[in-house]
Colleague: 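Got a structure for you, questions after.
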Amino acid sequence: MDFTYDDEQDALREAVRGLVGKAYSDFEHRRQTVLAEPGYSEDLWRQLAEMGILGLPFAEADGGSGAGPVEVAIVAQELGRVIAPEPFLASIVLAGGLVSAVGTAEQRADVLGALSSGERLVVLAHAEPGSGRANAACEVTATQDGDSWTLTGIKEPVPHGARADQLVVSAALPGGGTGLFLVDPSADGVERTGYAAFDGTRAAKVALASAPATPLGEPGADVEGSIATVHDIARIIAGNQAVGALETALRTTTGYLTSRKQFGVTLNTFQALTFRASDMYVSLELTTSLVLWATMVLAEGDPQAVHAAAARAGLQVARASRHIGQEAIQLHGGIGVTAEYSIGSYTAHLQALEQLLGDATFHLRTLAGTVAEHGTLEPV
Amino acid sequence: MDFTYDDEQDALREAVRGLVGKAYSDFEHRRQTVLAEPGYSEDLWRQLAEMGILGLPFAEADGGSGAGPVEVAIVAQELGRVIAPEPFLASIVLAGGLVSAVGTAEQRADVLGALSSGERLVVLAHAEPGSGRANAACEVTATQDGDSWTLTGIKEPVPHGARADQLVVSAALPGGGTGLFLVDPSADGVERTGYAAFDGTRAAKVALASAPATPLGEPGADVEGSIATVHDIARIIAGNQAVGALETALRTTTGYLTSRKQFGVTLNTFQALTFRASDMYVSLELTTSLVLWATMVLAEGDPQAVHAAAARAGLQVARASRHIGQEAIQLHGGIGVTAEYSIGSYTAHLQALEQLLGDATFHLRTLAGTVAEHGTLEPV
Amino acid sequence: MRLQLSDEDRELRDELRDFFTTKVPQEIRDDVRAGRELTRDQIVESMRVLNSAGLAVPHWPVEWGGKDWTELQRHIWHEELQAACVPVPLAFNATMIGPVIAHFGSQELKERFLPATANLDIWWSQGFSEPDAGSDLASLRTTAVRDGDHFVVNGQKTWTTLGQYGDWLFTLVRTDPDVKKQAGISMLLIDMTTPGLEVRPIQLIDGGHEVNEVWFTDVRVPAENLVGELNSGWTQAKFLLGNERVGVAPVGATKRNLARAKELAGRQLDDPLVAARFAELENELLALELTALRVVADSTDGAPHPASSVLKLKGTELQQAVSELTMDMAGPAGLASGAGDDSALPEWTHLATPTYLNLRKASIYGGSNEVQRQIIAKTILGL
Amino acid sequence: MRLQLSDEDRELRDELRDFFTTKVPQEIRDDVRAGRELTRDQIVESMRVLNSAGLAVPHWPVEWGGKDWTELQRHIWHEELQAACVPVPLAFNATMIGPVIAHFGSQELKERFLPATANLDIWWSQGFSEPDAGSDLASLRTTAVRDGDHFVVNGQKTWTTLGQYGDWLFTLVRTDPDVKKQAGISMLLIDMTTPGLEVRPIQLIDGGHEVNEVWFTDVRVPAENLVGELNSGWTQAKFLLGNERVGVAPVGATKRNLARAKELAGRQLDDPLVAARFAELENELLALELTALRVVADSTDGAPHPASSVLKLKGTELQQAVSELTMDMAGPAGLASGAGDDSALPEWTHLATPTYLNLRKASIYGGSNEVQRQIIAKTILGL
């Protein structure tokens, strides 16, 4: 068991930090970016593509560089550190992950290549009103007519769905099960309404009315399992993103405590506040450990183990996000709830990650369901 | 709605405090009392009888003084304040309560009279190994032979079971349901092994082997409902006892914080500690409110409402007992875990009340089961 | 000790309930229930409906429109307002400056301001906090210098809630810089249309515009707008901040929101973990409500009760906890917070997370929960 | 980054597991598993079994019986000990005074004490805390005054764990009252049979006798029993207290106890609320274990890692939480804590509450959790 990064991984981190961290080093820039459309920096996205970051997880044959989860996690941590609003999770991890897992060789080369090069933004449209966190699609249905397929129904919320150049849409198959489809959002029968989520990132309602669609991979095949696994992967990667954000939230808070004066002294004079910062640090360390472990489990690749690890990381991240997110604002006081200052946006973004991929009760339910099946829990 | 006590109630409190509070004003006396048999002061018990305290809840016709739950609650608060080890709950509230509810007029006059006068200690033997908190008896069974009844099986733990002069024993009836019986513990077929619980109060194993028994009330009648109701009443009275103990625990802790020096200053100089004391105070106030309310619900007498109120008070008391009990020790530091100093015994006693009458999860389960059945929850 | 309300109090409750649910426009109450932001007009309209029946400022002196009610009756009034989704009368008017003017103001100030304040003809704003004077309010630096029969005010206030709607501002200013900080403060009433006064919006993390900065550049304020004596402002401020024992914790609204969250949760309540969260919160809220009742019943002399800090502390914690639970019930739909009317997701799921984020302020504003813990430790526990 | 152990480490783990589960007497391990109090003889016996195989003090210098292991290998050793229910080598010997003598002691002291210490031929006790010097250890008042080739010791120590079994005491004494408090302290080794030394039991709230007071009345200690330089005792004390990065949190034992509680809970696990409590604790414990692994892996230079405070803080909290959950699983049977062998209730239900009460000490002794928070705030967060 080894928690250390190798030199190449350190170099990757430096490179990403040099680009993304630098771009958003001034929080005001992040704020202005999410106030304008499309809610992220197209320029930065292109630079990430040029640096090879967008193709990191995809096979070389598909236009990527075939790196592993540890490398993707490093990118996520750096994005999280500055709560970059770029659509990395929605497009690279979720949409790209599913194309990678399910697509034909041709589709993989086409979609992943375009995704990696930054020329096409592809996102996953899976969530449906009223379906909670089901892996199956229900409200959007697929209809087959010979070799042609159309989709009908509503997907909402679809992260970055309004800006996307191509959608990967899940739909209930006529023969049962859930299939995935590539949809051109400019086609007839596709109507999109975009908006900003509370953390500034973008989402949309996507209404499909007999919209033309191309099956991803084998037509008619049930890929619910792949959807589940890619969500588990996304939970672990999002956990890394959260760790980055949590670190900054704590550092911002301790920085404030040492500089803000009240009653003639800096706030770190008040032990009740510093002890709470210490508890935040404890949360952060435990969360970092669990997320790094889950990333290593992901690198080993067993889907069953990944499923459990995603729930474990998810639960711990959710608890820490609430704890640190709430305390960070409270320890700041009034300025903590203003939009111009950074800390509230960190709390909001941590909350958005949780809503995207599962809150504490969701993950706890998963874990409670199997707690009776083992004795001691061993990390290896 | 009125939370104030009348003059007579104030006088009752003063009288009980003058007796019990004074007797145990020195914690060492409480400690020595529980180190010796029978684990409480027979002398004090006699004085309580003389003062009319032991007969408080029973009808005048039964030898009591017919006072209401509020008066009984006042006694319990004062007992709790000094964690008096006397068997008030086990005998007056539980055993007396069941004799009062179920016994024939003759049994009531006999048992409650002797209980009120202090001449006979009567306790309830209901808990059975493995039966959790069921209101029904299961392991102890009753056998009928003409007008004679015998009981067989084990009751454990039986609070104050070894010292008791008479037992009220629950048993599974031959025709189904649970009956109550009066048992003379000196009879053949009754074997008792007494011991001290972790809070110094006494309990026992009572093994019955065809022990002669007299049905309490109508022979063969199922009284599970009465057992349930008397336990609910005991939960509310025990809640009052807990409130008394919690108050002392907090006052002891704040007293320690203002007197104990470390690093050249008294501990109340450390804001992290005083803020925790403030949170303890919040817990205490909320708990007091809920317990007083439950006592008023009890005074109104509707068993359904009493059941809900007992669960509500039980949950809040259990949460506060853990919170305040644990923090009181922690804020004391090393001396908090020693037997000679009082605070640890308060924590232990609060724990014992909880184990006797239900922990947080137990009560929460009751409340969660009905939470969907109402909109807002109204106290009146 | 008695559980039931007296006949008289029950009668009052029923009357109030009837008035609130029939006389205050349904549309306003629907918006409150749904947690939507109210317009200025709605707030004004509902307060005027109340005032027309003498129900806007029952805690004021009778000669200025108050009712000679017991604290319990005022508590009932406050709970019934919330239960009926009636907007609570604007706090700046009804519970802040109104009672201060009634207590400290000259007869002239009273006549000039109190009727208009009760009827919300004047919308008051609060100018207390400053960027460097938050929990340490007394270190405020906005100055007022006497110049003839005017004061000239310079400086900056912040966290002025709904200041964009304000007609008049009650404010604390430093009138003597050379004495102990509490001793050099005065309270001034300022017409917000006075030249040199500028209100600038502050956006909060829920995206809303609720608070403001107020800047003063040589703002000339007639000396007669001083409340009480010169340099006695700290006394007025303490009176204002400690004035209320009823309504310290928004129990009624939180109860209503919890009950609504249960409805909205639907089938999720079948999950024992979810049901347990609701049951736990409901029980804590009951304990809080009963504590509020104990506090109001404890005496009727109007002095602030020390346990008010308990109500503020626990009241805001539970308010936040209910918003958190509601957000969790919305689940992934919460990401559609910015969606419009054509969204396929219900409106409450859009509002849930912004409301949760917005309410982080509850434990900060109006005396942070750290200040409340400090008060409990010092004044109640003697630490 | 790699999840799996290296082949070498896995091999070591398997060897250790085999040794611990076959060579340490089953009866001792059963008592550990059941949470029973061990006798002095059992503790001595198991440590000698380990020492016979060179497994009692692997973190000591190799010449005194240590192994040249990585921190990870020591971690594995420590976890496997606990998983196998082997009593961890007596801390006073193995992790406290042994390393101090090895680091600061003269060659003569080393030869005299280290082999006997590793083999538990000498049972060491600790004399650090005093009634008025708890978290503020440096304010200790027990004095040692030089008299010829002896020190004469007077004063009182407290919280001396298992002092009733002790042969020798390592203690901090004040040897210079006129300097800054940390600068006037020395470390002395004292034969506990010396006249004037008295050990008095302190009963704890679980009813057990685990800690003691130690009183000194003109106790004469040979000057050669000084460890290190005169007045350098604070250095030794800090070394001793900050020496360990492995085993700061009793992860292995807590995991074992949690797994056991699950077994004992039986059907109660069918309740989702109970299952959720187990799942939550299990996850926190996993996070703690992984944090311990990160800390041991972080460097191998032996210096205390700042995150050790995290391990102590969270480790004791989880240790307590598991004992609390176990107690709750016992339910009303817990009241039979004083019952004997003929009780109809299982032994574990007797032990559950006393264990819970006893473990309240875990967050107080050995640097309270408040001290740990202070360390984190100061040294890690710079507050």
Colleague: Take A/Glu327 and C/Arg360 through the test salt bridge (charged side-chain N to carboxylate O under 4.0 Å, His left out) and record every step on the way to the result.
Modeller: CA-CA 10 Å; A/Glu327 285 287 74; C/Arg360 301 320 308 166; over 6 Å; no
Colleague: Measure distances from C/Leu345 to the heavy atoms of chain A and classify the residue's part below 4.5 Å as side chain, backbone, both or neither.
Modeller: both
Colleague: Is it the side chain or the backbone of C/Asp206 that comes within 4.5 Å of chain A heavy atoms, both, or neither?
Modeller: neither
Colleague: With rounding to the nearest 0.5 angstrom, report the CZ to CG distance, A/Phe263 to C/Leu137.
Modeller: 9.0 Å
Colleague: Any side-chain heavy atom of A/Arg31 within less than 4.5 Å of one from C/Gln203?
Modeller: yes
Colleague: Going by heavy atoms in the side chains, are C/Val274 and A/Arg365 under 4.5 Å from each other?
Modeller: yes
Colleague: Is it the side chain or the backbone of A/Ala196 that comes within 4.5 Å of chain C heavy atoms, both, or neither?
Modeller: backbone
Colleague: Tell me, side chain or backbone of C/Val211 under 4.5 Å from chain A's heavy atoms, or both, or neither?
Modeller: neither
Colleague: Counting only heavy atoms closer than 4.5 Å, note whether C/Ala138 contacts chain A via side chain, backbone, both or neither.
Modeller: neither
Colleague: Select one option (side chain, backbone, both, neither) describing which atoms of A/Leu356 are under 4.5 Å from chain C's heavy atoms.
Modeller: both
Colleague: Are C/Asp132 and A/Lys261 within salt-bridge range, i.e. N to O under 4.0 Å?
Modeller: no
Colleague: Output the distance between atom CG (A/Asp199) and atom CG (C/Leu357), rounded to the nearest 0.5 Å.
Modeller: 9.5 Å
Colleague: Could you check if a side-chain atom of C/Ile205 sits within less than 4.5 angstrom of a side-chain atom of A/Thr338, using non-hydrogen atoms only?
Modeller: no
Colleague: Let's test your reading of the structure: which of C/Lys181, C/His350, C/Glu324, C/Gln268 forms the most heavy-atom pairs below 4.5 Å with chain A?
Modeller: C/Glu324
Colleague: Step through the shown structure and confirm whether more than 12 heavy atoms of other residues, nucleotides or ligands are within 6.0 Å of CD on A/Glu340.
Modeller: no
Colleague: What part of A/Leu357 lies closer than 4.5 angstrom to a heavy atom of chain C: side chain, backbone, both or neither?
Modeller: neither
Colleague: Given that the side chain runs from C-beta out, which part of C/Leu335 has a heavy atom under 4.5 Å from chain A: side chain, backbone, both or neither?
Modeller: both
Colleague: What part of A/Ala348 gets closer than 4.5 Å to chain C, counting heavy atoms only: side chain, backbone, both or neither?
Modeller: both
Colleague: Please rank A/Ser345, A/Gly334, A/Gly344, A/Ala368 by heavy-atom pairs under 4.5 Å with chain C and give me the top one.
Modeller: A/Gly334
Colleague: Count the heavy-atom pairs under 4.5 Å between each of C/Ser139, C/Gly134, C/Pro354 and chain A, then report the option with the highest count.
Modeller: C/Gly134
Colleague: Quick check: closest heavy atoms across C/Pro332 and A/Gly132, and the distance to 0.1 Å?
Modeller: CG-O, 3.6 Å
Colleague: Quick one, A/Phe270 and C/Glu370 - any side-chain contact, counting heavy atoms below 4.5 Å?
Modeller: no
Colleague: Between C/Ser135 and chain A, which part of the residue has a heavy atom less than 4.5 Å away: side chain, backbone, both or neither?
Modeller: both
Colleague: More than 12 heavy atoms of other residues, nucleotides or ligands under 6.0 Å from CD of C/Glu37: yes or no?
Modeller: no
Colleague: Locate the shortest heavy-atom distance separating A/Gln262 from C/Asp136; write the atom from each residue and the value.
Modeller: OE1-N, 3.2 Å
Colleague: What part of C/Pro131 lies closer than 4.5 angstrom to a heavy atom of chain A: side chain, backbone, both or neither?
Modeller: backbone
Colleague: Do you know which two heavy atoms are closest between A/Gln355 and C/Gly334, and how far apart they sit?
Modeller: OE1-C, 3.3 Å
Colleague: Is a donor on one side and an acceptor on the other found under 3.5 Å between the side chain of A/Lys205 and the backbone of C/Asp342?
Modeller: yes
Colleague: Looking at every heavy atom in both C/Ala344 and A/Glu156, which two are closest together, and how far apart are they?
Modeller: N-OE1, 2.8 Å
Colleague: Between C/Thr353 and A/Gln351, which heavy-atom pair has the shortest distance, and what is it?
Modeller: CG2-CG, 3.9 Å
Colleague: Under 4.5 Å from any heavy atom of chain C, what part of A/Arg260 do you find: side chain, backbone, both or neither?
Modeller: side chain
Colleague: Between A/Gln330 (side chain) and C/Ser363 (backbone), is there a donor-acceptor pair under 3.5 Å?
Modeller: yes
Colleague: Please check if any side-chain donor atom of C/Gln320 sits under 3.5 Å from a side-chain acceptor atom of A/Gln326, or the reverse.
Modeller: no
Colleague: Would you check, one step at a time, whether the test side-chain contact (heavy atoms from CB on, under 4.5 Å) holds for C/Ser337 with A/Tyr195?
Modeller: CA-CA 8 Å; C/Ser337 61; A/Tyr195 43 79; over 6 Å; no
